[in-house]
Trainee: 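I have a structure I would like to understand better, so I am pasting it below and will then ask my questions one at a time.
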Amino acid sequence: MNLNYENAVERVLCSENEIKEKVKIIARDIENYYKDSEKKLLMLGILKGSVVFMADLMKEVHLPLEVDFMRLSSYGKGAVSSGNIVIKAGLEKKDLSEYNVLIVEDILDTGNTLFWLVNYLKREHNCEDIKICTLLDKPDRREKPISVDFGCFTIPDEFVIGYGLDYNEMFRDLPYVGILKREIYEK
Ligand code: 5GP
Ligand code: MG
């Protein structure tokens with residue numbers, strides 16, 4: 001292991017404190033949206049990237065809720081995802097018609113993954129109300145008609161790491177989001 005954490009980050013995009021503040025703000029938005037609903041709330045985290053965000057967000061949302069996770073993998077070239085999604089770990093419950101589903105994801109990039117997931121949840125799990133919550137939104141690269149309902153930060157088209165996001169499975173544990181130095185992935 002010779003990836004030096006300190007020297008890998010070009011620039012911090014979202015500091016630990018900025019993330020904390022934003023998580024509180026969207027938690028209030030989420031509470032306001034769901035508080036009068038008859039249905040139960042399921043927060044659905046997409047592994048592995050959402051794990052840090054999900055853990056912080058679920059503590060801030062003061063509503064009764066359940067959590068579940070899915071792990072998805074997409075066959076694409078390099079850093080760009082494709083529409084070909086494979087479920088590596090699926091949901092516990094089959095019928096989700098009694099739930100409002102809030103997908104919690106690290107980043108919405110091309111939209112291929114979440115566009116596929118929303119259709120899958122409607123088709124296979126009878127979901128009616130599905131909303132999308134992401135830490136980051138990279139709208140410049142969008143390929144599918146899909147948008148964030150509850151989002152923390154809109155970022156430029158840069159490859160970012162930290163707070164759950166990885167480069168080759170590393171850096172998920174950084175407490176902030178930073179731009180990865182190009183020399184690390186271009187060498
Ligand atoms: P999409 O299907 O929207 O293109 O892809 C979303 C997935 O691509 C995210 O869940 C994330 O795993 C990955 N991704 C997209 N942009 C970045 C980025 O800047 N950094 C990292 N680490 N992953 C990214
Ligand atoms: Mg991901």
Side-chain angles (χ1 to χ4, degrees), residues 1 3-5 7-16 18-19 22-23 26 43-57 67-91 101-123 130-187:
M1 213 299 286
L3 276 182
N4 183 334
Y5 270 41
N7 294 329
V9 175
E10 179 71 45
R11 181 160 63 89
V12 174
L13 268 188
C14 321
S15 73
E16 215 177 336
E18 283 168 341
I19 295 173
K22 284 281 177 142
V23 166
I26 63 159
M43 276 175 63
L44 170 56
I46 308 306
L47 297 173
K48 301 172 193 172
S50 76
V51 71
V52 184
F53 180 43
M54 177 84 163
D56 284 346
L57 183 65
V67 297
D68 204 349
F69 295 91
M70 289 180 84
R71 193 150 76 83
L72 306 173
S73 136
S74 111
Y75 289 114
K77 285 201 186 93
V80 185
S81 79
S82 70
N84 305 317
I85 312 292
V86 178
I87 299 173
K88 298 285 184 160
L91 285 164
V101 175
L102 179 63
I103 298 172
V104 180
E105 178 54 313
D106 50 4
I107 183 166
L108 185 61
D109 185 20
T110 64
N112 283 317
T113 310
L114 291 187
F115 185 77
W116 178 91
L117 180 62
V118 167
N119 287 306
Y120 167 84
L121 291 171
K122 288 181 182 164
R123 196 175 67 236
I130 304 171
K131 295 285 176 213
I132 293 174
C133 173
T134 69
L135 177 72
L136 306 171
D137 185 7
K138 227 192 246 180
D140 293 354
R141 304 218 312 168
R142 200 79 83 248
E143 292 175 6
K144 289 286 181 345
I146 188 157
S147 57
V148 173
D149 299 296
F150 305 100
C152 294
F153 303 94
T154 299
I155 62 164
D157 183 9
E158 299 277 3
F159 191 83
V160 295
I161 50 167
Y163 201 75
L165 292 112
D166 74 309
Y167 169 66
N168 282 348
E169 295 300 327
M170 302 294 292
F171 304 109
R172 295 192 197 275
D173 51 320
L174 286 178
Y176 54 84
V177 173
I179 298 173
L180 182 67
K181 280 191 181 156
R182 282 187 175 268
E183 66 208 52
I184 291 184
Y185 58 93
E186 281 176 352
K187 73 182 168 207

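Predicted model only: the values in this text are computed from it and were never measured. When a ligand or atom number is given, it counts from 1 through the structure's own listing order.
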Trainee: Enter the distance from Ile161:CD1 to Asn168:CG here, rounded to the nearest 0.5 Å.
Mentor: 11.0 Å
Trainee: So for Arg141, does at least one of its heavy atoms come nearer than 4.0 angstrom to any atom of ligand 1?
Mentor: no
Trainee: Counting from 1, what ligand 1 atoms have a heavy atom of Asp166 closer than 4.0 Å?
Mentor: 21 (C), 22 (N)
Trainee: Against heavy atoms of Glu158, which atoms of ligand 1 measure under 4.0 Å?
Mentor: 19 (O)
Trainee: May I ask you to list the atoms of ligand 1 that are less than 4.0 angstrom from any heavy atom of Thr113?
Mentor: 1 (P), 2 (O), 5 (O)
Trainee: Output yes when the distance from some N or O of ligand 1 to some N or O of Phe159 is under 3.5 Å, and no in every other case.
Mentor: no
Trainee: Using side-chain heavy atoms (C-beta onward) and a distance below 4.5 Å, is Leu121 in contact with Leu91?
Mentor: yes
Trainee: Output yes when a side-chain donor or acceptor of Asp149 lies under 3.5 Å from a complementary backbone atom of Cys133, and no otherwise.
Mentor: no
Trainee: Could you check whether any side-chain heavy atom of Arg182 comes within less than 4.5 Å of a side-chain heavy atom of Glu158, counting everything from C-beta outward?
Mentor: yes
Trainee: At under 4.0 Å between heavy atoms, which part of Leu114 makes contact with ligand 1: side chain, backbone, both or neither?
Mentor: neither
Trainee: Hey, is CZ on Arg11 packed in by over 12 heavy atoms from elsewhere, all under 6.0 Å?
Mentor: no
Trainee: What distance do Ile19 atom CD1 and Cys152 atom SG have between them, rounded to the nearest 0.5 Å?
Mentor: 8.0 Å
Trainee: Among Lys138, Arg172, Glu105, whose heavy atom sits nearest atom 19 (O) of ligand 1?
Mentor: Lys138
Trainee: Touching ligand 1 at all, Ile161? Heavy atoms, strictly under 4.0 Å?
Mentor: no
Trainee: Is a side-chain N or O of Tyr5 found less than 3.5 angstrom from the main chain of Phe171, in a donor-acceptor match?
Mentor: yes
Trainee: Would you say Gly111 and ligand 1 have an N/O pair spaced under 3.5 Å apart?
Mentor: yes
